[in-house]
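Take a look at the structure below.
Proteins come first, then strands; the chains are lettered A, B, ... in the order of their sequence lines, and each starts at number 1. Just so you know, these numbers come straight off a predicted model, no measurement behind them.
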Amino acid sequence: MPPQDKSDTTTVTRNAENRPDDRYDAQRVEPKWFDRWQQDASLYAAERDSTKKKYYVLEMLPYPSGVLHMGHVRNYAIGDALARYMWMNGYNVLHPMGWDSFGLPAENAAISANTPPREWTLGNIANMKAQMKRLGFAYDWSREVTTCFPEYYRWNQWFFLKLYEQGLAYRKNSKVNWCPKCATVLANEQVVNGCCWRHEDTLVEQRELEQWFLRITKYADELLRDIEKLGHWPEKVRVMQRNWIGRSEGTLVDFKLDGNAGPAGATISVFTTRVDTIFGATSVLLAPEHPLVADCTRYNQPLGAAVQQLITEQRKAREAGDIGEIEKHGVNTGRYAINPYNGEKVPIWVANYILMDYGTGAIMSVPAHDDRDYEFAKKYKLEIRLVIVPVADDPEETVTEPPLPFTTLKGSLINSGRFSGLMCEEAIQKMAAEAEKNGFGKATVTYRLKDWGISRQRYWGTPIPMLYCEKDGIVPVPEKDLPVILPENVSITLAGGSPLGKVPEFVNATCPKCGGPARRETDTMDTFVDSSWYFYRYTDARNDHAPFDPKTAQYWFPIDQYIGGVEHAILHLIYSRFWTKFMRDMGMIKNDEPVERLFTQGMVIKDGAKMSKSLGNVVSPDEMIARYGADAARLYSLFAAPPDRDLDWQDSGIEGIQRFLGRVYRFVVRNAKPEHPDWRKPVPPQLPPPVRAIQRKLHQTIKRVSDDFQGRWHFNTCISAVMELVNVLYGAEEAIAQSAVPVPLLADVQRNLVLLLAPFSPYLAHELWEMLGEKGSILKASWPKYDPALAKEEEIEIPVQVNGKLRGRIVVPADSTEDFVLDRALADEKVAAAIAGKQIVKNIYVAGKLVNIVVK
RNA sequence: GCCGGGAUGGCGAAAUUGGCAGACGCAGCGGACUUAAAAUCCGCAGGUCCGAAAGGACUGUGGGGGUUCGAUUCCCCCUCCCGGCACCA
């Protein structure tokens, strides 16, 4: 009996023979729901002042590059499924979206296409937003954040002023990474293998510039320590952050310069993690760019030339990203330093493997106990002096001449004066204490993490709200004068420094202190500033007197689930953590960390390679929507692989998903009978076995899908489970045709089937929900609950092994005793044959799982 | 070099706590429906060997070893692939 075609909402088209067309046409159904959803802006709005439990699910906001790619679709399909699931479980869900819309590509477009960055960006946003809506993602668009709007970036400026007030933003002259293609500086984090993170073939140059820095290093220790709190982050990301912060405990030791070497009283400070080996130091090595080197080379042309050579070698190696493999070279300065522990004079060398930007740029060289120093000393025939010997459990066996270099900490000191005989770790403590007591050093901690340089010599970014007055120097723009608006109609080139510097109306300003003329800062902020706090803005996106309301933020934070690509494991996620800690110390928020759970989804690849235009293997979401529909594209991106693994896109795979959606649709079209008098009656408690099997499968499926949402998020297996359920339903079609399946059960199984699909394929779910006679959005319906008693199998099949080899299977009631199962197993014909004439050593029964009979 | 992750049919994958390896899907093959095709529905399907068939034997989760009644799963060694870090003193 076909459903009546009288509803004005659900339309089942009919074919030539006037039978209902049970073929699922996504191109008919999806636009219908799309239009309805468009008309209801409140559909996915998070509730203010809710008494419900909150859930904040967030996908990383995209850069509006022009069009969505499959990686976006996958990312958002995961988040959307979770958001819908949480809605159906009664949570007050915050699921927002926005645009990381400042950045260089807009300027490049301006240069190549002569389109103003703002226009280009807003056009892309409009396009991508339309794509997202067409894909059916359930975002609260009333909270949309667009970082290039003054309403947003004024708060970047406001935060900057706060950072400046607290000494966390400061200006200094320093060597910076310069990308010639971007025509701007890069933060350390943005340099990949010596190249620009955006231009992987472009070597980064070193330039000397005045720059604004944020003092992220103030939080280095806390950022490291709190990684422990991120228990629901992928271990991989936690390790990467730990390495990036690079905490290292050691000792600073000052070596005095000998006699006439350098200015009187001058010292070379070295950093070492192995001060216990210092009696084995046979030279001091300086980085080629160490300030003292300049002093040594001033009146020594040949030495200067040699040092210049070392600088060049080091720079080349760094740029090529293989500083680790640099061939060690060095040159003797001819001067000496004095080891404060034993008064010994050691030569000062300059070496190309010493880095100026780590530690103090100077080391003590201990060839006997360091691989690198050993190699260097061998090459230049420097003295190698053993000061640590291994300690064996049996003192008789203690080796006195270990193979060199001997670098472990499991040893004791020799030839080390009053420290001889101490164990290494104890010696490190005592020697550091002595240095401190005598004023020639101290225990210290060094980080690899550097302060965050945020100045960019580009146009399309947040203007840094600072002024330079001839009289008053650096003066912050007063808070009341924010925002400093980014001017329009600026001619953009990649040459000649900051484009804003060429706009007199922008540059020329008045000093708020003295009223005299002042020059405006013309650099803009790194766009990672924008994304460091945007998720707080979502909680209160239209606030125009503060970045957000602290109370509201406190309700929503921390983010319950953050989802994005692993490529942001360091940059974005470390800056965000820093920003949160800074805001906490300002009293704006109470949470120490922004993100409770982080999920990093795998890449979408095709034919074994990352999708790229040059490989010609790009799959376009628009094309997938046009061919298969949004639901199919989304469902396939969840089905083809577990979400944390890379996904190999196969066009034939999505066809299978399209078939599956058609199968579901067809089943419901044929079996929805909401007008039937029994349709809403409760399912009878006693069902005959073949029908009971349907009910059992239903409850098993609900359990599997629910468990996965709570646990490991393997949506691919969730969808498989629903497919199995559908296969069972098709197997029952004959029974249904003969009215052997009670209508209440038929209704129940269809309702639940559609509910189970609601997080994954919203268009189809909404269509079928309506077809089943249900009113209102399926999002407002409750997630199905399974009944363990109904999910339970009454009879189970148990494999029987003999000596671990499968020999037979028996079917027994699920509550059988061990004795009963074993009896039945031994009675099995094939099992009996396999054990005939042998002696049974042991019977193993794993309840409900397996029997193994051990014979000999 | 160090730290992660991975390797399972022709392909994407599954096996959640040590217990039937290959669920589910794709591609393939066979059948039904059709004048025919598409669509749809049903069935078969790791490999090798024996058998006309029913069925049976052996073998099989990158390679080698171990623990166990039993290992894709735990332990040791090795190979390859992907990602990250790397003279960080």
**Prompt:** Do A:Asn852 side-chain and B:rC69 base share a donor-acceptor contact under 3.5 Å?
**Reply:**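 Between B:rC69 and A:Asn852, which were checked side chain against base, a qualifying N/O pair under 3.5 Å is present.
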Using only side-chain N and O atoms of [X], determine if any of them is under 4.0 Å from OP1 or OP2 of [N].
X: A:Thr717; N: B:rA15; value: no
X: A:Arg448; N: B:rA86; value: yes
X: A:Asn716; N: B:rA14; value: yes
X: A:Lys849; N: B:rC69; value: no
X: A:Arg704; N: B:rA14; value: no
X: A:Arg659; N: B:rC41; value: no
X: A:Arg666; N: B:rC41; value: yes
X: A:Arg274; N: B:rC88; value: no

Taking the [atom1] atom of each, how far is [N] from [M], in whole Å?
N: B:rG56; M: B:rA45; atom1: P; value: 13 Å
N: B:rG51; M: B:rA37; atom1: P; value: 37 Å
N: B:rU35; M: B:rG47; atom1: P; value: 37 Å
N: B:rG1; M: B:rG10; atom1: P; value: 33 Å
N: B:rU17; M: B:rG12; atom1: C1'; value: 27 Å
N: B:rC29; M: B:rU79; atom1: P; value: 42 Å
N: B:rG46; M: B:rA13; atom1: C1'; value: 14 Å
N: B:rC75; M: B:rG4; atom1: P; value: 13 Å

**Prompt:** Do any N or O atoms from the side chain of A:Arg597 and from the backbone of A:Ile563 form a donor-acceptor pair under 3.5 angstrom?
**Reply:** no
**Asked** So, A:Asp276 side chain and A:Glu425 main chain: donor-acceptor pair closer than 3.5 Å or not?
**Response**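 Such a contact is absent between A:Asp276 side chain and A:Glu425 backbone.
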**Asked** For B:rG25, does the O4'-C1'-N9-C4 (purine) or O4'-C1'-N1-C2 (pyrimidine) torsion place it in syn, i.e. within 90° of 0, or in anti?
**Response**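 Base orientation relative to the sugar is anti.
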To the nearest Å, give me how far apart [atom1] ([X]) and [atom2] ([N]) are.
X: A:Phe376; N: B:rA89; atom1: CZ; atom2: C1'; result: 14 Å
X: A:Leu729; N: B:rC41; atom1: CG; atom2: P; result: 13 Å
X: A:Gln700; N: B:rC24; atom1: CD; atom2: P; result: 14 Å
X: A:Glu829; N: B:rG56; atom1: CD; atom2: C1'; result: 14 Å
X: A:Arg23; N: B:rU40; atom1: CZ; atom2: P; result: 8 Å
X: A:Asp648; N: B:rA7; atom1: CG; atom2: C1'; result: 15 Å
X: A:Ile363; N: B:rA89; atom1: CD1; atom2: C1'; result: 5 Å
X: A:Asp357; N: B:rA89; atom1: CG; atom2: P; result: 13 Å

Cationic N near anionic O, under 4.0 Å, [X] to [Y]:
X: A:Glu793; Y: A:Lys697; value: no
X: A:Arg666; Y: A:Glu733; value: no
X: A:Arg712; Y: A:Asp708; value: yes
X: A:Asp22; Y: A:Arg670; value: yes
X: A:Asp370; Y: A:Arg372; value: yes

Categorize [X] for me: base, sugar-phosphate, or nothing, with a 4.0 angstrom heavy-atom threshold over every strand shown.
X: A:Ile354; value: base
X: A:Lys830; value: sugar-phosphate
X: A:Arg807; value: sugar-phosphate
X: A:Glu733; value: nothing
X: A:Leu806; value: nothing
X: A:Asn727; value: sugar-phosphate

Quick one: look up who [N] pairs with, Watson-Crick or G-U, both distances under 3.5 Å, and put none if it's unpaired.
N: B:rU73; result: none
N: B:rC2; result: B:rG84
N: B:rU34; result: none
N: B:rA21; result: none
N: B:rA14; result: none
N: B:rA57; result: B:rU48

**Asked** Who pairs with A:Phe715 by ring-ring contact (aromatic ring centres under 6.0 Å, His included), at least two apart in sequence or on another chain?
**Response** A:Phe709, A:Trp713, A:Phe760
**Item:** Selection: residues 231-241 of chain A, any non-hydrogen atom under 4.0 Å of RNA chain B
**Value:** A:Lys236, A:Val239, A:Met240
**Request:** Using a cut-off of strictly less than 4.0 Å between a heavy atom of the residue and any atom of RNA chain B, enumerate the qualifying residues of residues 650-657 of chain A by number.
**Result:**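 Under 4.0 Å from RNA chain B: A:Gln650, A:Ser652, A:Gly656.
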**Prompt:** Is there a donor-acceptor contact under 3.5 Å linking the side chains of A:Asn352 and A:Gln314?
**Reply:**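 Absent: no donor and acceptor within the cut-off.
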**Asked** Can A:Asp221 and A:Tyr447 be counted as having a side-chain donor-acceptor contact under 3.5 angstrom?
**Response**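 A pair is found: one side chain offers a donor N or O, the other an acceptor, under 3.5 Å apart.
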**Request:** Take A:Asn803 and A:Pro642, find for each the nucleotide of RNA chain B with the closest heavy atom, and name the residue whose nucleotide sits nearer the 5' end.
**Result:** A:Pro642
**Message:** If you assign A:Val846 and A:Ser720 each to the RNA chain B nucleotide with the nearest heavy atom, which residue ends up on the more 5' nucleotide?
**Reply:**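 Whichever sits nearer the 5' end wins; that is A:Val846.
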Kindly point out which of [options] is positioned nearest to the side chain of [X]?
X: A:Arg645; options: B:rA89, B:rA14, B:rG56; answer: B:rA14
X: A:Thr273; options: B:rC58, B:rA89, B:rC20; answer: B:rA89
X: A:Phe639; options: B:rA14, B:rA23, B:rG12; answer: B:rG12
X: A:Tyr358; options: B:rA39, B:rA89, B:rA14; answer: B:rA89

**Request:** Specify the closest pair of heavy atoms between A:Asn339 and A:Phe255, including all atoms of both residues, with the distance to one decimal.
**Result:**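 Closest pair (atom of A:Asn339, atom of A:Phe255, distance): CA-CE2, 3.6 Å.
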**Message:** Quick check on the 6.0 Å ring-centre criterion: do A:Trp233 and A:Phe599 meet it?
**Reply:**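 Ring centroids of A:Trp233 and A:Phe599 are no less than 6.0 Å from each other.
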**Request:** Check whether the ring centres of A:Phe440 and A:Tyr341 lie less than 6.0 Å apart, and answer yes or no.
**Result:**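 Under 6.0 Å, so yes.
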**Item:** A:Glu235 atom CD: more than 12 heavy-atom contacts under 6.0 Å
**Value:**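 Counting other residues, nucleotides and ligands, CD of A:Glu235 exceeds 12 neighbours.
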